[in-house]
Number of protein chains: 2
Amino acid sequence: MIKAAEKGNDRSVTQTVRAQLALRDLVLRGELNPGERVSELQMVERLGVSRTPVRMALVRLEEEGLLEAIPSGGFSVKTFSEKEVFEAIEIRGTLEGLAARLAAERGVSRTDLRNAADCLEAMDEVVRRDKAEIDLLRYVELNARFHDILIGMADSQALARQLERVSALPFASPSALVPVQSRSPEMNHILTIAQDQHHCVLAAIERREGARAEAIMREHARIAHRNLERALTNQRDMDLVPGSVLIKRRIRA
Amino acid sequence: MIKAAEKGNDRSVTQTVRAQLALRDLVLRGELNPGERVSELQMVERLGVSRTPVRMALVRLEEEGLLEAIPSGGFSVKTFSEKEVFEAIEIRGTLEGLAARLAAERGVSRTDLRNAADCLEAMDEVVRRDKAEIDLLRYVELNARFHDILIGMADSQALARQLERVSALPFASPSALVPVQSRSPEMNHILTIAQDQHHCVLAAIERREGARAEAIMREHARIAHRNLERALTNQRDMDLVPGSVLIKRRIRA
DNA sequence: ATGCAGCTTGGTGTATACACAAAAGAAAAG
DNA sequence: CTTTTCTTTTGTGTATACACCAAGCTGCAT
């Protein structure tokens, strides 16, 4: 008699975690107005858990950067300017560059190289197809995996933690802005370039060319800058970006 | 009738904050054995506040990186290997480098430049004196201030947040390892070099030489690497570093 | 009509009680 | 003497009650 699935209570999955996930979802979907105070009691009745786990979730989401502490107490939904998003992407690029350099300088195991190469091969397969046929969802998934493998290659817990934190801003994560390309006529062009950078950085790491690996990853992140600019001028594109509701839109006449 | 100071209750300073500060102190002073579980109830009687604020403090210190979540629940005092400390310093250097580059590329206000220059002048004064006379405490304070000004110049909330986080590891903060030099015969030598880097990076920012500013800050952080190595071979030096009890010592015969 | 005072209503900070899981210790069997 | 199992204890996850602060509103006086 396994009661695990009963009422969705998985044991081991605490109320706090459930509240955290649900709250993050609410924030990212824009169901909580940006800048507005998040009332604990409202969340209690909305999430169906008591105040304690709600409270814990709020604290964790603040540390995550999605909420902001109000001086007089409580939390509000954070908003991001275009500049902040740009900077978050630049930070990610810088840290991924550091990861790539460390991996290159220290050398990586054959297993890691193999995994990365396999991942790239699968991505090649996706990109190689005709434009209309590209399975973007699969590309995004593989892309995220490649970036994860890369971070793993650096073998640095501290660095992984920092990267995890900057990628918590959903629009700053490695593949957040990829879907924006799907509406672009040059999607194939951009994907080709990004994929080439993937290959190049792996080659650089394999040859222990640290400086090169770092430079490539930095530039690689800047593709997201371009996509961001495109999305900021076009609401339809923007809708494809998770958490985009938190970004203060440019004023447009 | 102001009751503020009564019983040390400052109002505005919540129990949670008090618990957080007290707990951090306990961890950093090594009064909680590294790796050991931190019992909430023990902390309750040790800190004199109830479980709720203790709990909040534990969560915050985990996010800060000083504690580690135990899978089965609760938290333990985190320990750091030499490698991790090294990497934390490298991350700080990288992010400070990014800050310097952004500041240089974007340009900074005259006020900021003036503040930084004033700070440097004060440090020059300290360093200029004869070795035995150097007021290291004042140098450390000014050094921290200079680094803060520099981060401020980048004018990036996101970057400041990330740097705050990596500097939360007390031994990774800009001036954590400075005191180690005090026992070194070459203290004046190292201080001179570090101070020259300060001057150079400010000049580079002023001239908008982004790449140079970045490179200098990266190398600047690596002075801490040297100090770390020195401290790791010498317990007396190690005792000068805050939070050093969390660092797993090298095995020595 | 307007300004001020007091009240009323959310709202968070804190303490504590209860329930369940995990680890430690004791007792019994091999 | 060792091993296994059961009991006990410790510890955290969760819910909830209470206290205090802050802000908004209403009503009265000017």
Side-chain angles (χ1 to χ4, degrees), chain A residues 1-24 26-27 32-33 35-63 66-78, chain B residues 1-24 26-27 32-33 35-63 66-78:
Chain A
M1 267 207 302
I2 296 169
K3 295 192 187 181
E6 176 191 347
K7 205 195 153 197
N9 277 329
D10 204 331
R11 207 62 62 95
S12 96
V13 173
T14 64
Q15 297 289 73
T16 299
V17 171
R18 207 185 336 270
Q20 190 177 349
L21 294 176
L23 249 176
R24 176 160 41 207
L26 251 49
V27 170
L32 269 39
N33 289 339
E36 203 172 83
R37 171 180 229 127
V38 182
S39 162
E40 291 181 5
L41 292 175
Q42 278 180 8
M43 291 310 114
V44 163
E45 61 177 71
R46 198 153 174 181
L47 304 183
V49 299
S50 104
R51 269 191 68 201
T52 308
V54 166
R55 211 129 210 307
M56 302 282 280
L58 287 172
V59 171
R60 294 206 124 102
L61 287 180
E62 187 223 343
E63 304 283 346
L66 259 48
L67 299 180
E68 208 167 14
I70 299 173
S72 70
F75 302 93
S76 63
V77 179
K78 190 162 178 183
Chain B
M1 266 207 299
I2 297 170
K3 296 189 186 182
E6 178 191 345
K7 203 193 154 197
N9 277 329
D10 204 330
R11 208 62 65 93
S12 93
V13 173
T14 64
Q15 296 289 76
T16 299
V17 172
R18 202 179 349 263
Q20 189 176 349
L21 294 176
L23 249 176
R24 176 159 40 209
L26 250 49
V27 171
L32 269 40
N33 288 341
E36 203 171 83
R37 172 180 228 129
V38 182
S39 162
E40 290 182 5
L41 292 176
Q42 277 179 8
M43 292 309 117
V44 163
E45 62 177 70
R46 197 153 176 181
L47 305 182
V49 298
S50 105
R51 270 191 67 202
T52 306
V54 166
R55 213 130 207 306
M56 301 283 279
L58 287 172
V59 171
R60 295 206 123 101
L61 287 180
E62 187 224 345
E63 303 283 346
L66 258 49
L67 299 181
E68 208 167 15
I70 299 174
S72 69
F75 302 93
S76 63
V77 179
K78 191 162 178 183

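Residue numbering restarts at 1 for every chain, and letters A, B, ... go by the order of the sequence lines.
A sub-4.0 Å separation between OP1 or OP2 of dG10(C) and a side-chain N or O of Q42(A) is absent. Between dG11(D) and S39(B), a contact under 4.0 Å exists linking OP1 or OP2 to a side-chain N or O. R37(A) has a side-chain polar atom (N or O) that falls below the 4.0 Å cut-off from OP1 or OP2 of dT12(C). Taking side-chain N and O atoms only, T52(B) has no distance below 4.0 Å to OP1 or OP2 of dT14(C).
The interatomic distance linking M56(A) (CE) with dT14(D) (P) rounds to 8 Å, in whole Å. Following rounding to the nearest Å, I70(A) (CD1) and dT12(C) (C1') show an atom-to-atom distance of 10 Å. The interatomic distance linking M43(A) (CE) with dG11(C) (C1') rounds to 13 Å, in whole Å. Atom CD of Q15(B) is separated from atom C1' of dT16(C) by 15 Å (rounded to the nearest Å). The nearest whole Å value for the distance from the CZ atom in R18(A) to the P atom in dT14(D) is 8 Å. For E62(A) and dT12(C), the CD to P distance is 14 Å, given to the nearest whole Å. Rounding to whole angstrom units, CD of residue Q20(A) and C1' of dT14(D) are separated by 16 Å. Protein atom CD of E40(A) is 15 Å distant from nucleotide atom C1' of dA22(D), rounded to whole Å.
Summarising the geometry of G35(B) relative to S76(B), their closest heavy-atom pair is O-CB, 3.7 Å, with the distance given to 0.1 Å.
Counting heavy atoms from C-beta outward, Q20(B) and L23(B) have side chains that stay 4.5 Å or more apart. Inter-residue side-chain proximity for K78(B) and L66(B) is flagged as unmet; no heavy-atom pair is nearer than 4.5 Å. The side-chain heavy atoms of M43(A) and L32(A), taken from C-beta on, include a pair separated by under 4.5 Å.
Side-chain proximity of P53(B) to dT12(D), dT14(C), dT12(C): nearest is dT14(C).
Across all strands shown, T16(B) has heavy atoms under 4.0 Å from sugar-phosphate atoms exclusively, and none from any base. As judged by a 4.0 angstrom heavy-atom cut-off over every strand, V44(B) is placed among residues making no nucleic acid contact. Across all strands, V38(A) comes closer than 4.0 Å only to sugar-phosphate atoms, never to a base (heavy-atom distances).
Atoms CG and CZ, from L26(A) and R46(A) in turn, are 4.5 Å apart once rounded to the nearest 0.5 Å. The CZ atom of R60(B) sits 5.0 Å away from atom CD of E62(A), with the distance rounded to the nearest 0.5 Å.
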Which pairs, protein N/O on one side and nucleotides 17-19 of chain D N/O on the other, fall under 3.5 Å?
none

Passes side chain to side chain contact (heavy atoms under 4.5 Å, CB included), N33(A) versus V77(A)? Steps please.
CA-CA 7 Å; N33(A) 289 339; V77(A) 179; over 6 Å; no
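Comparing G74(B) and S50(A) along DNA chain D, the residue whose closest nucleotide (by nearest heavy atom) sits nearer the 5' end is G74(B).
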